[in-house]
Structure formats: C-alpha cells, structure tokens
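Below is one structure; the comments refer to it alone.
Owing to the predicted nature of the structure, the values given are computational and were not obtained by experimental measurement.
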Amino acid sequence: MGRGGVVATRGARAELRVKRRDGSVFWCDARGRMLNPGRPEEGSLWIYIDISARKERESRIQHLADHDALTGLLNRRMFEDRLRQALANARRASTVVALMLVDLDGFKAVNDRYGHLTGDYVLRTVAKRIQESVRETDTVARLGGDEFVVVLVGQRSTEDSALVAEKMLAAITQPIPAGGRQLQVGASIGISIFPRDGDSP
C-alpha cells in the first residue's frame, strides 16, 4: 500500500488532500511505484507535487460557470438543476416546494438616474437581503437584470411561502445607503406551489 490509501503496484497516481506537520492541508499529485514489483514487502517510493494553485484555479472557474458574476448568486443553469432536485425530493417525501419570482420595482429609475455602478450596488445589496430572508437549504438565483428566483424546500403548507415573501419584501424595501443617499426599491413577488400549481419545472 502507498500513502493515502493508494495502492502502488508497478505505478500509481492520485490527487489527494494531504496534511502537513503544521496542520495545514494542501492538494498534491501523488505518484508512487514499488521499489521491487516482485517483492512488495520492500516498500514503495512516492513523490508528492503540490497542485494547490491549479486546484484553486479550477475551483474559481467552476464557481464562475455556476454563479452570477455580479451578485455571486447561482445562475439560471444551476437554478434549473436545483429546482429539478427539489421537485424530485418533494415527490419522494410528499412535501411542498414554493417557487418565487422576485421582480424589482423602481430599479430602472435608480439605474438611469445614478448610473450602472450604483445600480450594480443596489442589485448586490438586494441579493444579500433575499439570501438572508431564507434558509441555507433554500435556493436563491439571479435570472438576469433585476429578476431573482427563490426555491423554498420542505414547506409544511402553502401558507409558509407567503410568510417568507412578507419577510423578503420588508427586507428589500429597507432604504439602501449609497454615496450619502438613501435609495429605495420595491418588489413584486409571484409564488407557484408544487404540487398545487404544477408538477414539473
């Protein structure tokens, strides 16, 4: 056996997370081979190459592929995947899923009057407030522009989503401090319930 549970026969290779003596963890490319394939009891030789930088780049690329660049929320592609998963789980557990479309009111006026940088700041602030209004197990995504979508899972009843919508509206409509101004936007929220209103994405 080689280190990390990788078998070193005539040659073995694996990418592993390895802990240093100081307790820090890093990714490495581990390559090993037996000193004498005919006599495995003589042990094996291993080379560890630090690939942490490459792994970090791959992680960043994957994050960009799955998330909205401006707000950091999930993008449309990942949202659709999460929605399919939520409906499949709800069918098995006989629970309720709420799908909420959040469209900002008054955002265009803010964007036109104060510019895109301020508009982007408002969108990031609203995105954060929406996230803080739901649980970690729920899904929040940006569809584009000033449209957001929320998937609430494990709902006990259809009324639960209305309470979340009220909480979300209260958070979104709070004034947004920006450059000495107090900006304000509203929101319209549409709610669709699985299985009451439909049984597919």
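The local environment of CZ in Arg82 is sparse, with at most 12 non-hydrogen atoms from other residues, nucleotides or ligands closer than 6.0 Å. Surrounding CG of Leu35 are more than 12 heavy atoms belonging to other residues, nucleotides or ligands, all under 6.0 Å away. Around atom CZ of Arg54, more than 12 heavy atoms belonging to other residues, nucleotides or ligands sit under 6.0 Å away. Annotation: Arg113, atom CZ; neighbour count of heavy atoms from other residues, nucleotides and ligands within 6.0 Å does not exceed 12. Within 6.0 Å of atom CG in Leu117, 12 or fewer heavy atoms from other residues, nucleotides or ligands are found, so the atom counts as exposed in its surroundings.
A pairwise comparison of heavy atoms in Gln155 and Asp160 identifies OE1-CB, 3.0 Å as the closest pair. For the pair Leu16 and Ala30, the tightest heavy-atom approach, listed with the atom from each and the gap, is CD1-CB, 3.9 Å. Annotation for Ala98 and Ile191: closest pair CB-CG2, 4.4 Å, computed over non-hydrogen atoms. Residues Ala187 and Val102 share a closest heavy-atom pair of CB-CG1, 4.1 Å. Summarising the geometry of Ile193 relative to Ser161, their closest heavy-atom pair is CD1-OG, 3.6 Å, with the distance given to 0.1 Å. Taking each heavy atom of Pro175 and Arg129 in turn, the nearest pair found is O-NH2, 3.1 Å.
Checked for salt-bridge contact, Glu15 and Arg31 miss the test: no charged N lies under 4.0 Å from a carboxylate O.
The closest side-chain heavy-atom distance from Ile189 to Met168 is below 4.5 Å. Side chains of Leu101 and Leu143 form a contact here, defined as non-hydrogen atoms less than 4.5 Å apart. In this structure, the side chains of Gln184 and Ile176 stay at 4.5 Å or more apart for every pair of heavy atoms. Residues Val151 and Val153 meet the side-chain proximity criterion, which asks for heavy atoms closer than 4.5 Å. You'll find the side chain of Phe26 reaches within 4.5 Å of the side chain of Val18, heavy atoms only. Side-chain contact between His67 and Asn75 is absent, with no heavy-atom pair separated by less than 4.5 Å.
Under the side chain to side chain donor-acceptor pair (under 3.5 Å) rule, Lys108 has a single partner from Asp112, Asp105, Asn111, which is Asp112. Of the candidates Leu123, Val140, Thr139, Leu73 forms a side chain to side chain contact (heavy atoms under 4.5 Å, CB included) with just one, namely Val140.
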Passes salt bridge (charged side-chain N to carboxylate O under 4.0 Å, His left out), Arg20 versus Asp50? Steps please. CA-CA 11 Å; Arg20 295 187 178 94; Asp50 189 337; 3.3 Å; yes

Test Val185 against Thr173 for side chain to side chain contact (heavy atoms under 4.5 Å, CB included), laying out the working first. CA-CA 6 Å; Val185 294; Thr173 55; over 6 Å; no

Dump the intermediate steps for side chain to side chain contact (heavy atoms under 4.5 Å, CB included) on Ile172 and Ile130, then the final yes or no. CA-CA 7 Å; Ile172 291 171; Ile130 292 174; 3.9 Å; yes

Would Phe194 and Leu83 count as a side chain to side chain contact (heavy atoms under 4.5 Å, CB included) here? Give the steps. CA-CA 11 Å; Phe194 168 89; Leu83 178 58; over 6 Å; no

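Distance check: Met100 CE to Ser192 OG gives 11.5 Å after rounding to the nearest 0.5 Å. Here the CG atom belonging to Leu104 is positioned 5.0 Å from the CG atom belonging to Asp146, to the nearest 0.5 angstrom. Here the CG-OG distance, from Leu169 to Ser188, works out to 8.0 Å after rounding to the nearest 0.5 Å.
Checked against side chain to side chain contact (heavy atoms under 4.5 Å, CB included), Asp81 has the following partners two or more places apart in sequence or in another chain: Arg84, Gln85. The side chain to side chain donor-acceptor pair (under 3.5 Å) search around Glu159 returns Ser157, not counting sequence neighbours.
In this structure, Leu74 shares a hydrophobic cluster with Met78, the cluster being traced through Ile, Leu, Val, Met, Phe, Trp and Tyr side chains under 4.5 angstrom apart.
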